[in-house]
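Remarks on the structure that follows.
Letters A, B, ... are given to chains in the order of the sequence lines, protein chains preceding strands, and every chain is numbered from 1.
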Number of protein chains: 2
Amino acid sequence: MVRQPSINAQNRAPLSIERITEAALQIVDGQGLGRLTMRRLGDALEVEAMAIYHHLPRGKEQLLDGLVAHVASGPADTGAAAGSWRDVLRSWAGDYRARLLAHAGVLPLVVTRRNPAALAATVASLREVLRRGGVREESAAVAAHTLLGYVIGHAALEVRGTEEDGADRAVDWDARFTAGLDLILSGAG
Amino acid sequence: MVRQPSINAQNRAPLSIERITEAALQIVDGQGLGRLTMRRLGDALEVEAMAIYHHLPRGKEQLLDGLVAHVASGPADTGAAAGSWRDVLRSWAGDYRARLLAHAGVLPLVVTRRNPAALAATVASLREVLRRGGVREESAAVAAHTLLGYVIGHAALEVRGTEEDGADRAVDWDARFTAGLDLILSGAG
DNA sequence: ACCTGAACACCGTTCAAGT
DNA sequence: ACCTGAACACCGTTCAAGT
C-alpha cells in the first residue's frame, strides 16, 4: 500500500512573520478585529497557537504592530509620480484612502498609540512632495498633517457610514472625498 | 455600643446607566481601554460585575456605545454662538478636538462602527451652521464632512504623537491644528 | 426590582517537553 | 530551531438563586 509522502510537520511551509501577518490580515478583513485571536490564527496557519510566539516573541502586541505597519505606511514611489504636486498628492490620497478602506478592521489600531514610526514615515514623504513642489517649509508641514489627518478621519467616517443628517439618503463617498480633498489642496501652498 | 446605620446595600447610591458610564470613562481615561473589564468596572462601583447587566442588558457592547455617545456627540449650542460662521466653526472644532483628546482612550471606538447616530447628529449640526452662514447646500455637505474628518483624524495623529519626519523635534500641535483648520475654512464656502 | 455566586466557554501567555 | 500540551490567570456572559 502506497503511503502519502509523510503528512507531517516536515512538508508544511514553515511559519514566518510574513505568513503570520498575512493570515492575521485575512482574518481581520474577513471577520473583524474582534475575532482575531491567537488560537484562531494558529488554526488558520494549521499550527498550535503557541508556535506563533516563537516568531513573535512580543506576542499579540507585536502582531498588531505588524498589521498597522502594513496598512499605515504610505503607498510607495510618491517621488516618481508625474504631474504637478497637487496631482501627486491627489493620487497619493486616493491610494491611501483605498488601502485604509480595504483594511477597515485595522483602522482602530492605526488610531491607537501603536507603531508611530509607520505614520511618521508617511508624513515625512508627504512633506517631501510639498517641499519639492516649492511650498515653504512651514506650510508644507501644516499641509502634510492636514492632508493625512483628513484622509484618516474621512476614512473613519466612511466606514461608520454616517447618514446624511438623519435621513438615510445615500452619500456618494467617492465624490465627497474628492471634493474635500480639493478644498484642502486649493488652500495649501 | 453604637452601630453604624447599616453598612449594607441599602445605603449605597443605587446603580444607574449614568454612574456606570461615568465610572467606565474614568477607567478608560486613567488606565486605557484595554483595562476596562466588566469585573474591574464592578469593583469601581462596589458591586459584583454581574449587577451591571441588569442596567445594560446588551452588556459590554452597550457600555462601549454609551462611551462613544458621550464623547462623539458634538459640543452643544453651536446655534447660539456669536460671530461669523467661520468663527463659530473654529470654536466648535476647538471644543470638539479638546473633548476627543481628553478621552483619547475612546478614539478607537469612535472609529469603529459603533453608534453612527452620535456622529450623524454632529454632521447635521455642522451643516446647519454652514447653511445658515449662506453656504450652498452641496458645499455645506462637503465642508461638514471635511471638517469633522479633519478634526477626528488630526486628533488621532496627535494622540499617537507623530514626530517631525524622524527627528524628535517637538511639534506644536495646537498651532498645527489651528493652521490646518484655517486652511480648510478658507477654502469652504 | 436589584444584586449575588457559581459556572461555562473562551482568552493571552508561560513553561517544560518533544523532535 | 521549531513546534506541542498542559496549565494559569483572566475574560464576557448565562442562569438560578437570594433579598
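The NE2-C1' distance, from B:H54 to D:dA17, rounds to 13 Å in whole Å. One atom, CD of A:E46, and another, C1' of D:dC3, lie 14 Å apart when rounded to the nearest Å. Here the C1' atom of nucleotide C:dC3 and the CG atom of B:L56 are 15 Å apart, to the nearest Å.
Using a 4.0 Å cut-off, some side-chain N or O of A:H55 falls inside it from OP1 or OP2 of D:dC3.
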- Could you run through nucleotides 5-15 of chain C and give me one letter per nucleotide, 5' to 3': B if any protein heavy atom sits under 4.0 Å from the base, S if only the sugar-phosphate is that close, - if neither? BBB---BBBB-

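Between A:F177 and A:Y150, the ring planes lie parallel to each other; the angle is under 30°, not in the 30° to 60° tilted range.
One finds a salt bridge joining A:R127 and A:E137 here, because a Lys/Arg side-chain nitrogen approaches an Asp/Glu carboxylate oxygen to under 4.0 Å. With respect to A:K60 and A:D65, no salt bridge is recorded, no charged nitrogen being found less than 4.0 Å from a carboxylate O. With salt bridges taken as basic N to acidic carboxylate O contacts below 4.0 Å, none links B:R176 and B:E158.
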- Query: For DNA chain C, what string of dots and brackets results from 5' to 3' when Watson-Crick and G-U pairs need both distances under 3.5 Å, crossing pairs get [ ], and pairs with another strand get |?
  - Reply: ||.|||||...|||||.||

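The closest side-chain donor-acceptor pair between A:R136 and A:S139 falls under 3.5 angstrom.
Between the CH2 atom in A:W92 and the CZ atom in A:R97 there is a gap of 13.0 Å [rounded to 0.5 Å].
Each of B:M50 and B:L41 belongs to its own hydrophobic cluster when Ile, Leu, Val, Met, Phe, Trp and Tyr are linked at side-chain heavy-atom distances under 4.5 angstrom.
For the pair B:R131 (side chain) and B:A140 (backbone), a donor-acceptor distance under 3.5 Å is absent.
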